[in-house]
Amino acid sequence: MTRSNDMVAEALREFAELLSIAGEDQFRVRAYEKAARAVAEDPVAVDGLDEKALDDIPGVGSHIAAKIRELLSTGRIGDLDDLRARVPAGLRVLLDVPGLGPRRARQVYEELGIASLPELLDALHAERLRTLRGWGPASEENLRVAIGQAQQAGARMQIDVALDVAEGLVEGMRRCPAVDLVTYAGSLRRMCETIGDIDLLVASTRPADAMDAFATSPLVANVSARGSTKCTATTTKGVHVDLRVVAPQVWGAALLYFTGSKAHNIHLRRIAQHLGLKLSEYGLERIDTSSSVAAATEEEIYGHLGMPWIPPTLREDRGEIQAALHDDLPRLVETKDIRGDLHVHTDLTDGLASLEDMVDAARRHRYRYVAITDHAPLLHMERMTDEKALAQRRVLRTLQPKAGLTLLHGSELNIQPDGSLDWDDEFLAGFDVLVASIHSHFTMSRDEMSKRLIRAIEHPAVNIIGHPTARSIGHRPPIEFDAEAVFEVAARAGTALEINSFPDRLDLNDELARLAQDHGVVFAISTDAHSTRHLDNIRYGVATAQRGWIRPENVINTWPLGKLRTFFAKGGRR
DNA sequence: GCCGTTTTCGGCCCGACTGTTTTCAGTCG
């Protein structure tokens, strides 16, 4: 999966970090950061571009274009090697220490010779930092606490965990009479795949009371910073929360600001500037007179900037502002568009609920159809057999008359290392729908893996590739394959790619889904449910699809049954 | 280092909070 763009972006990021520690001009640092982002998110692979085409990438100018060319042709950047020689490697690590920015990282290095985290901890212990200019006992203590919390908090949360905490906090604040409005914002509102901390926004005319309610909430364990409008705390579950209280009349501006992303906000502010306006969390105002133009709602603010409201799932500065300015935002798939779930397990294999219960649950979701797709025999631990599959099919057919929705009999096949599948073609032809997934041999070469996937995609019985990269967030990296080649075959073969809704999968992810859609691929947004409750996870799959700009017409389980069956036939009979 | 409806120089997003200052620097989001 590693693209040349990722490799180049990483080098540019390192360049930016080393420049910042070296004390170079901050705008030069930002230029490298911006270029890194631009390259990472550019849909075109940079290794095919000449210097002129590289220069055309917004944020990449002649100097950085030359460095990229140098990296692509020689495998290194001379100036980066020089920088590395000037700045010890350990100092980069110090930038990740919360509370330690480039200036202070450089200060502790130059004045105390500290160039690693262990050395920093030693200096803290010996109370040597307080001897530096600008430091005192309190700043030492804060740094100590921040390092401890970072080590304890560690990884980012899965989105379902964060949503649970956030909804609990919102519910609690809603009961406070001083609170007019309350919601979560930040990366959670944008539905990012993992969440670092929770941003809570409150509108109130009595901010002190609202702040008190938060600080004394049973869910809040300790408060680490508190001003008149802002409060930072940790919940009893160790989740970091930032609360911001604003006046109700600036709700929209604050919501826009705290939803982010940072890059989206910066882009909006630059547009505001060009219009003679200034945008902050307190509203949009004229620069010359400081008179307010808009603040109450997000819609008004976007409107005054010359564009329609942009859904939070798109706010990553990946072209959505440009699209909005041209009134060309995509219509995004929504949960209400989903007519059925096409990847569902039962207790015949590793699901927890019976076939009857899963069918009931799908009916309660008001679905028009559901596909039961238990595991196939080659996933040996699940002990599937031909007989069990056929028996399940018979039961399914007897449930159909009173089911209230169409029951499709399917299976989740195992794509073998050579791309072959469980069961012979004749047996496979008996299913209504087939998902094929990779469950083993995750570390084949990129080339072999691409061939493996393509063979499965081209199989006339396979309709959907399940969790295509097989990643497990926080546990297993995605498998590597030639995404563009695979996507082209999937589009041509009439095989859908899954957007798996499980919070630790979200696979395809947003960026790959967007790339796939550009190649003409269609998608199945499925839950891979192993219990009735898992059907609710569809919201995460839909959010991931939205983040990938996926339109409803490209999602096969928004289609009516007739169209879906035609698609499943892949030009043949079924 | 990048960029241009302020166009080849001179800007570059904006504000809160903390700790150390005695008017501000550093960090964060």
Side-chain angles (χ1 to χ4, degrees), chain A residues 12 15-16 19-20 23-39 54-68 79 94-108 129-143 145-146 150 185-187 190 195-201 207 211 223-232 240-246 250 253-254 256-285 287-288 305-306 317 325:
Chain A
L12 294 177
F15 211 112
L19 284 175
S20 76
E24 296 285 335
D25 174 50
Q26 55 161 330
F27 294 113
R28 196 168 162 229
V29 174
R30 275 196 220 160
Y32 277 92
E33 285 171 351
K34 190 178 175 193
R37 241 180 79 83
V39 168
L54 288 168
D55 197 353
D56 285 344
I57 298 174
V60 176
S62 58
H63 288 80
I64 293 183
K67 288 190 170 68
I68 296 175
D79 288 351
L94 294 188
L95 279 188
D96 291 332
V97 176
L100 211 57
R103 304 299 287 263
R104 289 185 150 184
R106 180 156 164 254
Q107 184 189 24
V108 298
L129 293 174
R130 63 180 66 181
T131 64
L132 299 174
R133 176 178 171 75
W135 292 76
S139 28
E140 264 188 352
E141 179 57 21
N142 286 344
L143 187 62
V145 170
S187 55
R190 302 200 310 279
I195 309 296
D197 53 28
I198 290 172
D199 293 297
L200 210 57
L201 182 64
M211 204 87 102
V223 174
S224 56
R226 178 172 170 173
S228 59
T229 66
K230 199 174 161 182
C231 181
T232 299
H240 189 258
V241 183
D242 285 323
L243 170 75
R244 199 59 187 262
V245 183
V246 300
V250 302
L256 181 61
Y257 176 74
F258 290 108
T259 297
S261 64
K262 188 174 173 179
H264 180 88
N265 287 349
I266 289 174
H267 197 155
L268 287 183
R269 284 173 177 179
R270 295 186 55 171
I271 288 173
Q273 262 192 335
H274 287 307
L275 297 170
L277 302 168
K278 188 181 77 168
L279 178 62
S280 77
E281 58 262 56
Y282 299 111
L284 189 63
E285 61 181 42
I287 291 174
D288 49 3
L305 296 176
D317 197 24
L325 285 170

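Everything numeric here is computed off the predicted structure, so don't read it as measured data. Sequence lines set the chain letters: A, B, ... in the order given, protein chains first and strands last, and positions in each chain run from 1.
Taking side-chain N and O atoms only, A:Thr229 has a distance below 4.0 Å to OP1 or OP2 of B:dC17. Note on A:Lys262: every side-chain N or O is 4.0 Å or more away from OP1 and OP2 of B:dC28.
Across the protein-nucleic acid pair, A:Ile57 atom CD1 and B:dC2 atom C1' stand 14 Å apart, rounded to whole Å. Atom-to-atom, CZ of A:Arg103 to P of B:dG26 comes out at 4 Å; the value is rounded to the nearest Å. Straight-line distance from the CH2 atom of A:Trp135 to the C1' atom of B:dT27: 11 Å, rounded to whole Å. Distance A:Leu19 CG to B:dG1 P: 8 Å, rounded to the nearest Å. Computed from coordinates, the A:Leu200 CG to B:dG29 P distance equals 16 Å when rounded to whole Å. A:Tyr32 has its OH atom 11 Å from the C1' atom of B:dC2, to the nearest Å. Rounded to a whole Å, the CZ atom of A:Arg244 is 13 Å from the P atom of B:dG29. Here the P atom of nucleotide B:dT20 and the CD atom of A:Gln107 are 12 Å apart, to the nearest Å.
Rounded to the nearest 0.5 Å, atoms OG (A:Ser280) and CG (A:Leu256) are 10.5 Å apart.
Taking every side-chain heavy atom of A:Ala138 into account, B:dG19 is the closest of B:dG19, B:dG26, B:dC2. Relative to the side chain of A:Ser62, the nucleotides B:dC14, B:dC2, B:dG1 differ in distance, and B:dC2 lies closest. Of the candidates B:dT18, B:dG29, B:dC2, the closest approach to any side-chain atom of A:Ile64 belongs to B:dC2. Side-chain proximity of A:Gln273 to the nucleotides B:dC12, B:dG1, B:dG15 is greatest for B:dC12. Checking B:dG19, B:dG1, B:dT6 against the side-chain heavy atoms of A:Ser139 singles out B:dG19 as nearest. Distances from the side chain of A:Arg30 to the nucleotides B:dT27, B:dC12, B:dT20 place B:dC12 closest. Distance from the side chain of A:Pro137 is smallest for B:dT20 among the nucleotides B:dC14, B:dT20, B:dA16. When the nucleotides B:dG29, B:dG26, B:dA16 are ranked by their closest atom to the side chain of A:Asp199, B:dG29 comes out on top. When distances are taken from the side chain of A:Ala225 to each of B:dT6, B:dT18, B:dG15, the shortest belongs to B:dT18. In this structure, of B:dA16, B:dT20, B:dG1, it is B:dG1 that holds the atom nearest to the side chain of A:Lys67.
Contact annotation for A:Ser228: backbone-only contact, meaning every heavy-atom pair under 4.0 Å involves sugar-phosphate atoms and none involves a base. No engagement by A:Arg133 is indicated, since no non-hydrogen atom pair under 4.0 Å with the nucleic acid exists. Within 4.0 Å (heavy atoms only), A:Val29 reaches no atom of the nucleic acid at all. At the heavy-atom level, A:Glu281 lies under 4.0 Å from the strands shown only through sugar-phosphate atoms. Within 4.0 Å of A:Asn142, counting heavy atoms only, lie sugar-phosphate atoms of the nucleic acid but no base atom. Across all strands shown, A:Leu100 has heavy atoms under 4.0 Å from sugar-phosphate atoms exclusively, and none from any base.
In this structure, A:Tyr32 and A:Ala16 approach most closely via the heavy-atom pair CB-CB, 3.7 Å.
Nearest-nucleotide positions on DNA chain B place A:Lys34 closer to the 5' end than the other of A:Lys34 and A:Val97. Each of A:Lys230 and A:Ile287 was matched to the nucleotide of DNA chain B holding its nearest heavy atom; the match closer to the 5' end belongs to A:Ile287.
The gap from the C1' atom of B:dG10 to that of B:dT18 amounts to 33 Å, rounded to the nearest Å. Comparing B:dT8 with B:dC2, their C1' atoms are spaced 12 Å from each other, to the whole Å. For the P atom pair drawn from B:dC12 and B:dT6, the interatomic distance equals 14 Å after rounding to whole Å. Distance noted for atom C1' between B:dG11 and B:dC17: 27 Å (whole Å). A gap of 14 Å separates the P atoms of B:dG26 and B:dT20, to the nearest Å.
Checked by atom type and distance alone, the side chain of A:Arg104 never pairs as donor or acceptor with a backbone atom of A:Trp135 at under 3.5 Å. When atom types are taken as modelled, the side chain of A:Asn265 and the backbone of A:Tyr257 share a donor-acceptor pair closer than 3.5 angstrom.
Across all strands shown, nothing is found opposite B:dT8 as a Watson-Crick or G-U wobble partner with both distances under 3.5 Å.
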Trace of the side-chain contact (heavy atoms from CB on, under 4.5 Å) decision for A:His264 with A:Arg190 = CA-CA 11 Å; A:His264 180 88; A:Arg190 302 200 310 279; over 6 Å; no
Applying side-chain contact (heavy atoms from CB on, under 4.5 Å), run through A:Leu132 and A:Gln107 and close with a yes or a no.
-> CA-CA 8 Å; A:Leu132 299 174; A:Gln107 184 189 24; 3.8 Å; yes
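Counting non-hydrogen atoms of other residues, nucleotides and ligands closer than 6.0 Å to CZ of A:Arg130 gives a total above 12. The number of heavy atoms from other shown groups lying within 6.0 Å of CZ (A:Arg103) does not exceed 12.
Not a single donor-acceptor contact under 3.5 angstrom links the side-chain atoms of A:Tyr282 to the base of B:dG15.
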